[in-house]
Amino acid sequence: MSQPTSAISPVRSADFAEWYQQVVRAAELAEPSDVRGCMVIKPWGYGLWENIQHTLDGMFKATGHKNAYFPLFIPLSYLAKEAEHVEGFAKECAVVTHHRLEAGPDGSLRPAPSSQLTEPLVIRPTSETIIGATYAKWVQSYRDLPILINQWANVVRWEMRPRVFLRTAEFLWQEGHTAHETQEEAVEETNRMLGVYETFAREHLALPVYTGEKSAGERFPGAVQTLCIEAMVQDRKAVQAGTSHFLGQNFAKASDIKFVSRTNTQEFAWTTSWGVSTRLIGTLIMAHGDDDGVILPPRVATAHVVILPVVPKEETRAAVLEAAHALAAKLRATRYHGDPIRVEVDARDVNGGTKNWEWIKKGAPLRVEIGPRDLEKGTVAVARRDRAHKEKTFPTHSAFLETVGGILDDIQATLLARATAYRDENTVRIDTKEDFYAYFTAKNPDKPEIHGGFALAHWNGSAEVEAKIKEDLKVTIRCIPTPGQIPGAEEPGRCVITGEPSARRVLFAKSY
RNA sequence: CGGGGUGUAGCUUAGCUUGGUAGAGCGCCUGGUUUGGGACCAGGAGGUCGUAGGUUCAAAUCCUAUCGCCCCGACCA
């Protein structure tokens with residue numbers, strides 16, 4: 001039977017959105033649930049989240065933060081305290097209005113009218129308001145500051161158009177919420193956490209990201225300043241992969257977080273909030289996957305090494321399995337960046353080729369085969385997910401154990417290099433309106449091919465131009481890049497649309 | 001919430017125009033042959049054709065309503 005040339009159909013270039021869904025399914029990362037917009041995260045996908053959590057949590061602790069947990073339900077009135085905030089989130093809130101069910105006249109279950117809540121509860125779309133209300137009680141004096149807290153939680157935003165991992169109605173995230181004595185300190189915190197995200201994305205997810213500030217139009221509702229990291233995925237769209245907000249005194253005023261200062265005056269605290277979500281997993285898939293499935297960066301991979309026992313003859317089964325488990329034990333006793341190497345032994349009684357392809361689709365960084373011939377020679381067959389699927393090396397067990405960490409680092413570096421090259425190839429400077437429109441317009445409007453990318457262009461700073469570009473091309477300002485990050489971006493020029501003077505280039509792209 | 005499309009086994013689907021009471025591939029189960037590879041052979045399980053009405057001797061097929069899903073908008077980590 002002839003096999004397709006790639007494991008995933010359609011391929012990326014044919015239909016990227018469909019490719020993405022097929023990869024998520026084939027890799028057993030997640031599946032749609034019966035609840036619209038919500039996903040079931042399967043073990044292979046949840047393992048990624050656990051590793052992301054583990055590493056980020058360490059980075060948060062290392063920068064002085066502690067974890068806590070706040071309620072899922074937010075009184076409706078809390079949300080209303082900050083005008084822009086409620087405006088931004090009101091349209092996508094799930095609301096709890098009753099606390100009991102009963103049988104209705106037709107016998108079906110319904111909320112009991114007598115159990116209606118006096119004040120509806122909103123399921124948190126984000127927790128600024130309820131955490132702010134709590135901080136208000138905790139803060140009396142400048143001596144109570146700063147408060148540096150993070151929570152790992154789920155939130156709900158009733159999105160119109162969900163997409164697994166990238167935009168689901170319920171998602172997992174972390175949200176840091178800090179309160180400070182001075183503006184300088186809060187701004188410094190906002191920048192520090194953006195730096196943590198940038199480092200994490202680059203070193204662990206192998207995602208090169210641009211850091212920068214959102215334009216007023218793209219800012220978090222209620223924030224003074226929104227910083228972000230922007231990644232490019234393989235249809236050249238941008239994904240906002242993490243955000244860090246300087247909230248000024250807006251939420252402190254709304255929640256009454258005030259303290260007596262060193263000079264005995266009443267002051268409002270300066271607050272920040274910052275978060276990343278399970279969206280990172282979607283970004284990772286879209287950035288690194290190929291036409292055979294997902295490719296997991298080793299630093300976050302659910303398993304680093306999958307051992308595939310090859311059992312051509314029944315009489316060798318016991319010996320092969322024993323050797324597989326022995327190698328697994330030795331690998332688990334080996335450390336990779338401080339943690340034990342994560343190993344799976346796939347001893348299922350499934351055709352070897354089928355099994356091999358399953359792990360290719362799932363993106364395990366290393367596949368290690370052990371069969372009778374390897375037992376005789378004392379070797380294993382090692383295949384890397386970032387190389388052709390037939391390419392194998394045959395080290396001895398001890399040589400493999402010595403080099404496995406280096407190989408994993410090499411895969412990690414390869415993924416980062418590939419993603420960086422892809423992003424750089426598709427990041428262009430554009431200086432005329434014609435070029436700008438051509439760049440972001442598909443040649444085949446009926447079935448748009450992958451086109452566009454990141455455009456660095458001058459902008460007159462007006463919301464009108466921003467809105468016009470969004471309306472015409474669905475292109476938005478992803479960020480005003482952090483100064484010094486992109487050579488020449490801070491040289492003055494003329495707005496690509498209006499020709500008016502502009503102090504610097506900003507980053508434009510279509511986005512998820 | 002607007003505009004378009006669609007709903008048949010776990011998945012992909014044929015049949016619908018020209019009504020007669022379901023067929024395939026993949027997957028799954030069993031047995032066998034294989035085995036450094038997503039193999040082959042044989043057998044088997046699984047569908048009241050989204051739901052509710054209607055027309056008819058007879059509805060997956062025609063009509064009406066309703067719900068779900070997909071795509072395109074508005075919204076968005």
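Chain identifiers are assigned alphabetically (A, B, ...) following the order of the sequence lines, protein sequences preceding nucleic acid strands; residue numbering begins at 1 within each chain.
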Q: Report yes or no: does A/Q485 contribute a side-chain atom to a donor-acceptor pair with the main-chain N or O of A/T211 at less than 3.5 Å?
A: yes

Q.
At 4.0 Å (heavy atoms only), tell me whether A/L308 reaches a base, stays on the sugar-phosphate, or touches nothing.
A. nothing

Q: With sequence neighbours left out, write down each residue that passes side-chain hydrogen bond (donor to acceptor under 3.5 Å, both in side chains) with A/E18, or none if nothing qualifies.
A: A/Q22

Q. In whole angstrom, what separates A/W49's CH2 from B/A77's P?
A. 16 Å

Q) A/Q21 side chain: which of B/C71, B/G37, B/C11 is closest? A) B/C71

Q: Could you check how far NZ of A/K470 sits from P of B/A74, rounded to whole Å?
A: 8 Å

Q | Interatomic distance, A/R219 CZ vs B/A77 C1' [rounded to whole Å] | A | 17 Å

Q. Tell me: CG of A/D346 to C1' of B/G36, nearest whole Å?
A. 15 Å

Q. Atom CD of A/E31 and atom P of B/C11: how far apart are they, to the nearest Å?
A. 10 Å

Q) Rounding to a whole Å, what distance do you find between A/R478:CZ and B/A77:C1'? A) 11 Å

Q: Could you check whether A/F171 and the base of B/A77 form a stacked pair, meaning centres closer than 5.5 Å and planes differing by less than 30°?
A: yes

Q: Step by step, work out the salt bridge (Lys or Arg N to Asp or Glu O under 4.0 Å) result for A/R317 and A/E314.
A: CA-CA 5 Å; A/R317 179 179 295 273; A/E314 206 48 43; 2.6 Å; yes

Q: Enumerate the residues from residues 348-373 of chain A whose closest heavy atom to RNA chain B is under 4.0 Å, giving them by residue number; use none for an empty result.
A: A/N351, A/G353, A/T354, A/W357, A/K361, A/E369, A/G371, A/P372, A/R373

Q. Does anything in residues 82-96 of chain A reach RNA chain B, meaning a heavy atom under 4.0 Å, and if so which residues?
A. A/E92

Q | Heavy-atom donor-acceptor pair, A/K392 side-chain to B/G37 base, under 3.5 Å | A | yes

Identify each donor-acceptor pair in which a side-chain atom of residues 37-45 of chain A lies under 3.5 Å from a protein atom, sequence neighbours left out, and give them as a table.
{"unit_1": "A/K42", "atom_1": "NZ", "unit_2": "A/E31", "atom_2": "OE1", "d": "3.4"}
{"unit_1": "A/W44", "atom_1": "NE1", "unit_2": "A/K362", "atom_2": "O", "d": "2.7"}

Q: Taking atom CD of A/E87 as the centre, report whether more than 12 heavy atoms of other residues, nucleotides or ligands fall under 6.0 Å from it.
A: no

Q. Is A/T283 touching bases, backbone alone, or none of the nucleic acid, heavy atoms closer than 4.0 Å?
A. nothing

Q: Would you please classify the geometry between the A/Y210 ring and the A/F454 ring as parallel, tilted or perpendicular, with 30° and 60° separating the classes?
A: tilted

Q: On the 0 to 90° scale, with breaks at 30° and 60°, tag the A/F220-A/H245 ring pair as parallel, tilted or perpendicular.
A: parallel

Q: Give one of base, sugar-phosphate or nothing for A/Y512, where a contact means two heavy atoms less than 4.0 Å apart.
A: nothing

Q.
Could you tell me how far apart A/K313 (NZ) and B/G37 (P) are, to the nearest whole angstrom?
A. 13 Å

Q: Return the value, rounded to whole Å, for the distance between atom CZ of A/R317 and atom C1' of B/U35.
A: 11 Å

Q: Indicate yes or no for a side-chain donor-acceptor contact from A/R157 to the backbone of A/P125 under 3.5 Å, with no hydrogens or angles considered.
A: yes

Q | A/E170 (side chain) donor-acceptor with A/V156 (main chain) under 3.5 angstrom | A | no

Q.
For A/W49 and A/H54, I'd like to know if the aromatic rings sit close, meaning centre-to-centre distance below 6.0 Å.
A. no

**Q.** Pairwise ring pair (Phe, Tyr, Trp, His ring centres under 6.0 Å) hits with a residue in residues 363-383 of chain A, at least two apart
**A.** none

Q: Measure the acute angle between the ring planes of A/F200 and A/H204, then classify it against the limits of 30° and 60° as parallel, tilted or perpendicular.
A: parallel

Q.
Considering every strand and a 4.0 Å limit on heavy-atom distances, what is the contact class for A/S277: base, sugar-phosphate, or nothing?
A. base

Q: Using both pair distances under 3.5 Å as the test, note the stems of at least 3 consecutive Watson-Crick or G-U pairs that include RNA chain B.
A: B:1-7 with B:67-73, B:10-13 with B:23-26, B:28-33 with B:39-44, B:50-54 with B:62-66

